[in-house]
S.K.: 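Sharing a structure here in structure tokens format.
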2 protein chains.
Amino acid sequence: MTTRWLTPEEQRAWRAYIASVALVEDALDRQLQQEAGMPHLYYSILASLSEAPERRLRMTDLAERLKITRSRLTYAVTRLEKDGLVRREDCRWDKRGSIATLTDEGMRVLERAAPGHVETVRALLFDRLTPEQVGQLEEIFTAVGEGFQGDSAHATPEDVPWRRRSPKSCS
Amino acid sequence: MTTRWLTPEEQRAWRAYIASVALVEDALDRQLQQEAGMPHLYYSILASLSEAPERRLRMTDLAERLKITRSRLTYAVTRLEKDGLVRREDCRWDKRGSIATLTDEGMRVLERAAPGHVETVRALLFDRLTPEQVGQLEEIFTAVGEGFQGDSAHATPEDVPWRRRSPKSCS
DNA sequence: CGGTCTTGGTTCAACTTTGAAACAAACCTA
DNA sequence: TAGGTTTGTTTCAAAGTTGAACCAAGACCG
């Protein structure tokens, strides 16, 4: 089929999207780097752990929640562990497993950083949207996210290196 | 003021947004890496140049359009130049200036990669949205983008390292 | 059991990004 | 026009990311 180029409307939407997303992520990274000494992803790792039962999560589960590669997570957790914000423990049920646990110190850092982070998210995003737009935002990205369920929906329609595993959380 | 935490709706929207944006960017990067041997940003650089008059743009202008730091752009252009897709020229009007020009080879690479890229953008985003949602998407991110006009709207409300310069395009 | 395949994590090298510092050329301004 | 400031760009080291390769340890199967 001959390429279905973007319509003018789609093009405008795409450009606005690309530009703003980059700006928002950068601003978030800078804000957290300043106030908590870590990039947004690292903050998200702490946040995810804080919400998990016992503040613990297996590496693979954590990687999946955050939609990042295991390799990237390994690197990040190693750093957070050095900073004393996260601790690695062995999984007793599965000796291959490694469990990341949020330390008390990590929890404190997270709690200290949270207000500023939320404030920034508001300033960048929600304060600029109407309540209806917030709803639309959710619907749009929920729909987009669903495109990644099960299949890859991109590049090579085959070879997907990340498959969801069974939910044996081992906690 | 005590922190205005996110409401449940906002929280859902935020999470859907964060997750999907990451997935989309990753998918885009992989697709372009496979088909064109370069990440999305590099493709965008070529695309921006291709639309500029004479396919030339000053580094700073280019950086601004793409919302990236000059340093990041320098690195990227150096790579693209090595690959022969972009050429650097001196600006005659302002000897400090450096102008990036898309080479014919760069144009060819861009044209070869474009169909696949657009197809991916569709598969990931537009094919999953209704026409109304496309409109909403544009409005939402246009609004968000406007938050970055002139002020910094984030982290340190002062020190903004990027100011818009006068539009002497020097072409 | 013994062999094989899969899964959970880490490692490593190549690449990219970041932010501060360094430069050099324009621009004032007294 | 000398001296100081701003602007355009690059450089450099530290930090982060990527993807392939590797190493166990579970799971399966005959």
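Reminder, nothing fancy here: chain letters follow the sequence lines and each chain counts from 1.
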S.K.: If you only use heavy atoms from C-beta on, which nucleotide in dT17(D), dT16(C), dT18(C) is closest to the side chain of Y75(A)?
M.R.: dT17(D)
S.K.: Show your working on side-chain contact (heavy atoms from CB on, under 4.5 Å) between L41(A) and R72(A) and close with a plain yes or no.
M.R.: CA-CA 10 Å; L41(A) 172 66; R72(A) 189 179 179 186; 3.3 Å; yes
S.K.: Nearest to the side chain of R96(B), which nucleotide is it out of dT6(D), dT16(C), dT11(D)?
M.R.: dT6(D)
S.K.: Return the nearest nucleotide to the side chain of R58(B); candidates are dT10(D), dT9(D), dG9(C).
M.R.: dT9(D)
S.K.: Go nucleotide by nucleotide along DNA chain C from the 5' end; which of T74(A) and D29(A) gets its closest nucleotide reached first?
M.R.: T74(A)
S.K.: With the side chain of S71(B) defined as its heavy atoms from C-beta on, choose the nearest nucleotide among dG19(D), dG19(C), dA15(D).
M.R.: dG19(C)
S.K.: Between R87(B) (side chain) and T103(B) (backbone), is there a donor-acceptor pair under 3.5 Å?
M.R.: no
S.K.: So does R70(A) get a side-chain nitrogen or oxygen closer than 4.0 Å to the phosphate oxygens (OP1/OP2) of dT11(C)?
M.R.: no
S.K.: How long is the line joining NE2 of H40(B) and C1' of dT16(C), in whole Å?
M.R.: 16 Å
S.K.: For dT10(C) and R88(A) - does any side-chain N or O of the residue sit under 4.0 Å from the phosphate oxygens OP1/OP2?
M.R.: yes
S.K.: Between dT11(C) atom P and M59(A) atom CE, what is the distance in whole Å?
M.R.: 10 Å
S.K.: Checking contacts here: which listed nucleotide (dG19(D), dT18(C), dT17(D)) is nearest the side-chain heavy atoms of T69(B)?
M.R.: dT18(C)
S.K.: Expressed in angstrom and rounded to an integer, what is the separation of L73(B) atom CG from dT18(C) atom C1'?
M.R.: 14 Å
S.K.: Does R65(A) come within less than 4.0 Å of D61(A), counting only side-chain N to carboxylate O?
M.R.: no
S.K.: Of the nucleotides dT10(D), dT17(C), dA26(C), which has the atom closest to the Y42(B) side chain?
M.R.: dT17(C)
S.K.: Output the rounded distance in Å from CH2 (W93(B)) to P (dT9(D)).
M.R.: 14 Å
S.K.: What nucleotide, of dG8(D), dT18(D), dT9(D), holds the atom closest to the side chain of D94(B)?
M.R.: dG8(D)
S.K.: Indicate, with a heavy-atom threshold strictly under 4.0 Å, whether S98(A) touches base, sugar-phosphate, or nothing.
M.R.: sugar-phosphate
S.K.: Please compare T78(A) and Q33(A) by the position of their nearest nucleotide in DNA chain C and report the one closer to 5'.
M.R.: T78(A)
S.K.: Whole-Å distance between dG8(D) P and I99(B) CD1?
M.R.: 13 Å
S.K.: Write down the distance between CZ (R79(B)) and P (dT18(D)), rounded to a whole number of angstrom.
M.R.: 15 Å
S.K.: Evaluate the ring planes of F126(A) and W14(B), with Trp represented by its six-membered ring, and classify them as parallel (under 30°), tilted (30 to 60°) or perpendicular (over 60°).
M.R.: perpendicular
S.K.: Is a donor on one side and an acceptor on the other found under 3.5 Å between the side chain of R55(A) and the backbone of S50(A)?
M.R.: no
S.K.: Whole angstroms only, please: what is the CZ-C1' distance between R72(A) and dT16(C)?
M.R.: 12 Å
